[in-house]
Amino acid sequence: MNPESQAESSGCDACEQCDQRRSFLTKLTLGLSGLIGAIMVLPGVAFILGPVVKKKKEVWRPIGSLDDFKIDDDFSLVTYEDPSPVPWSGVTAKSGAWVRRISDTEFKAFSITCRHLGCPVRWLSGPELFMCPCHGGVYYKDGTVAAGPPPEPLHTMQIRVVKGEVEIKTIPVPLTTTPLKESDV
Amino acid sequence: MKRIKKIWHWIDDRSGYSDYVVPLMKHIVPRDARWWYVFGSATLTAFFVQVLTGICLAMVYVPGGDEAYMSLKYITETAFMGHIIRGMHYYGASAMVMLTVMHMMQVYLHATYKYPREMNWMSGVVLMMVVLGMAFSGQLLRWDDNGVWSVMVASEMAARVPFIGSWLSHFIFGGETVGGSTLTRFYVFHVFIMPAIIFAGIGLHMVLLLRHGVSEMPNVDQPVDPATYREDYEARLKKTGVPFWPDAMWRDVVFSTVVVVGILLCAIFFGAPSLSTPPNPSNIHSNPMPDWYFWWYFTILSTLPSNLETWIILGSPVLGFLILLLVPFFSNKGHRAPSKRPWSVGIIVFGVTSFVLLTIYGYYKPWSPDFGVTPLPESVIGVSEGPVFEGGNLVYKKGCLYCHHIDGHGGHRGPVLSNIGQKLTRQDLTIRIMNGGYNMPSFAGSMSSEDLSHIVDFLLTRKEEDSTEPAQ
């Protein structure tokens, strides 16, 4: 039996009260469905967006003792742990930076991330250039762009020496169009 | 026998197989729907290959920082049939991307997107974008150094979106850097979200196919007129149509068999793609490359003028998607025959040619410095001592060879220097090296005058053998 004939046989199709009841039931059903959907979806959305709204953590990580870095013109690659790795990160928790000791207390450090599209740049001590293997970005030893498509210089990282230990201040991945805070540069 | 018949009758009655499924299988299709029409069903078959091999891989694959790489190594090197299953998943992905594009080209060439099948086309365009998303996320799930740095590139691209770029990038990372959360995100996209969209999209695509019927081959005498099309189509179908099962379906099955056997043979003979080094984001010896079906886009990104780059990176996928999606609204009636739409043939030829050329260019990627160069041999330098010999060694030490090609050695990013001694004077060369130029760094701050002099001495000897022009 279809709904129309059912309504006819029950004598409800012309009843104003029934129309009101149906209207109410329609709204109730749609409203509750929306509520069910919201309860199911909203906590999940908040959960997924957690990393986006989470306050970015910046910590100092040790990268070696002062004696490990000779005063010269050459950069050496250092690795350190991300500021807030998840427990299952494993080797992906590592980050890298190019570090050069300029004087007894002065260091120069750059993120290894190319400012074009994020590939890892390599330091070539012969020509004294950083080169990117992906799209051919080239930087001078002071981090400024020498050639290729990078729109910005390499990101400078902060270094400090505490009790003979050299530490680097971790940063989020330097994104080309979203410069970091002045304090990080 | 009677008992079996009785059981089948019960199943048929309760499930509605004969009432619902059989009519779908035997719906009437045009008689001329022949080999041109096999690409869609083959794409579906390739998708089933992906689903089945994907389920097998998911039983061993661990989406964790170190474990993903190790589990894939286990699948490839140790697990029984593991290299075949992984190989089938890899070549199945290539097949699915290729068949999706071929199906779309066929539909475009025959203007099947015209009335009343506009929505068939539009659902297909959405499906194609999700298939490309599957291909990209699948490459990342290999989670070797290439996977890690490819995520980095993707998030850098996302970061260029105005206002929300940084958020979008951190959403992709699942944090502020690439790490364990990044992989689990892409795993969910690849294994749950995108396959669900594909299943839903295929369902819609099938419903629309049955609603509007399989299109006929284009006929110059039958331009599409929305006012009469449905009636004319039904009348022609009634007159000359054949049931899909088995009159038309056998061709789909034959072609799908070729596809599946091809995937299997590739998996057996070529094997699963090799994994590069573990996913260490501090490994600077990585050279990220997308899978072959994205090399054309890699080339475009690498050769763009920098002032257009952000516009193209962000705009071209959106614009490309919208143009494809709205194709039926540019023209949904009139001729379907390629002979009456020569520009459509031109667009297909142009598209395929561009794809092939850009893909070849992407494979060689001449815009990148060649880090694998070796010092010039004495036979190329031409002498074994003196300033020219020193200069010949210095073009390697000072990195000139990363970008310049000299007599069969070196990269291709910069101009070839094999005959540079004929083209530039000592003064020109000195100025060019010290000041740099378009896409060439200045060496004024990193080269002694003695080294510079030796390099110029060497470069001035680079001439064609029969050249008599003296160096200045």
Side-chain angles (χ1 to χ4, degrees), chain A residues 48-49 51-54 56-57 77-80 82-98 112-124 126-129 131-136 138-141 146-151 170-173 175-178, chain B residues 64-67 69 143 148-149 152-153 155-157 159-160 165-167 169-171 173-183 278-288 301-302 304 306 309-310 367-369 371 396-400 402-403 413 436 438-443 445-446:
Chain A
I48 292 168
L49 292 181
V52 176
V53 294
K54 191 178 159 193
K56 304 292 173 272
K57 216 169 145 187
L77 179 71
V78 297
T79 58
Y80 56 90
D82 283 340
S84 50
V86 288
W88 63 92
S89 291
V91 73
T92 57
K94 286 185 179 176
S95 284
W98 288 108
I112 59 170
T113 311
C114 179
R115 300 305 298 276
H116 176 226
L117 283 175
C119 293
V121 295
R122 304 179 193 183
W123 167 248
L124 304 168
E128 298 188 357
L129 295 169
M131 283 192 183
C132 177
C134 288
H135 308 101
V138 185
Y139 305 84
Y140 292 118
K141 66 178 176 185
T170 62
I171 52 165
V173 168
L175 302 169
T176 310
T177 51
T178 50
Chain B
D66 284 335
E67 293 87 348
Y69 182 79
W143 212 235
V148 164
W149 285 105
M152 204 73 96
V153 172
S155 73
E156 286 281 355
M157 287 183 185
R160 297 196 181 198
S166 170
W167 286 3
S169 176
H170 290 152
F171 175 75
F173 279 145
E176 56 208 67
T177 59
V178 68
S181 299
T182 317
L183 176 61
N280 182 350
S282 65
N283 172 17
I284 46 96
H285 294 288
S286 177
N287 192 0
L301 291 185
S302 305
L304 281 173
S306 52
E309 198 172 68
T310 299
W367 52 83
S368 289
F371 291 103
Y396 168 73
K397 286 181 192 157
K398 289 294 179 184
C400 312
Y402 287 116
C403 300
R413 180 173 161 75
Y438 174 73
N439 256 346
M440 174 171 165
S442 153
F443 285 82
S446 61

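If you're wondering where the values come from, they're calculated on a predicted model, not measured in any experiment. Note on naming: letters A, B, ... go to the chains in the order of the sequence lines (proteins, then strands), and numbering restarts at 1 for each one.
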Minimum heavy-atom distance between B:G175 and A:P51, given as atom pair plus value: N-CB, 3.5 Å

Measure the shortest side-chain to side-chain distance between B:E176 and A:V173 over non-hydrogen atoms and say whether it is less than 4.5 angstrom. no

State, yes or no, whether a side-chain contact exists between B:P288 and A:C134 at a heavy-atom distance under 4.5 Å. yes

So what's closer than 4.5 Å to chain A heavy atoms on B:W367: side chain, backbone, both or neither? both

Smallest separation among heavy atoms of A:H116 and B:R160, with atom names: O-NH2, 2.8 Å

Grab the two heavy atoms, one from A:P120 and one from B:I284, that are nearest each other, plus how far apart they are. CB-CA, 3.9 Å

A side-chain contact here means heavy atoms from C-beta on lying under 4.5 Å apart; do B:T182 and A:T92 qualify? no

Determine whether B:F443 and A:L129 satisfy the following criterion, side chain to side chain contact (heavy atoms under 4.5 Å, CB included), listing intermediate values before the conclusion. CA-CA 9 Å; B:F443 285 82; A:L129 295 169; 4.0 Å; yes

Could you tell me which portion of A:V121 (side chain, backbone, both or neither) has an atom closer than 4.5 angstrom to a non-hydrogen atom of chain B? backbone

Could you pull out the closest heavy-atom pair between A:C119 and B:V153, with the gap in Å? SG-CG2, 3.8 Å

To the nearest 0.5 Å, atom OG1 of A:T113 lies from atom CH2 of B:W149 at 5.0 Å

Side-chain touch A:H135/B:S368, heavy atoms, less than 4.5 angstrom: no

Heavy-atom proximity to chain A below 4.5 Å, by part of B:Y438: neither

Taking all non-hydrogen atoms of both residues into account, name the closest pair between A:P127 and B:K397 and its distance. CD-O, 3.5 Å

Select one option (side chain, backbone, both, neither) describing which atoms of A:K94 are under 4.5 Å from chain B's heavy atoms. both

Contact check, side chains of A:P172 and B:H170, non-hydrogen atoms, under 4.5 Å: yes

Do you know which two heavy atoms are closest between B:S286 and A:P133, and how far apart they sit? O-CG, 3.5 Å

Quick check on A:W123 against chain B: is it the side chain, the backbone, both or neither that has a heavy atom closer than 4.5 Å? neither

Just by distance, do the side chain of B:N439 and the backbone of A:G148 share a donor-acceptor pair under 3.5 Å? yes

Which region of A:Y140, side chain (C-beta onward) or backbone (N, CA, C, O), has a non-hydrogen atom less than 4.5 Å from a non-hydrogen atom of chain B, or is it both or neither? side chain

Quick one: are B:P441 and A:Y139 in side-chain contact, heavy atoms under 4.5 Å? no

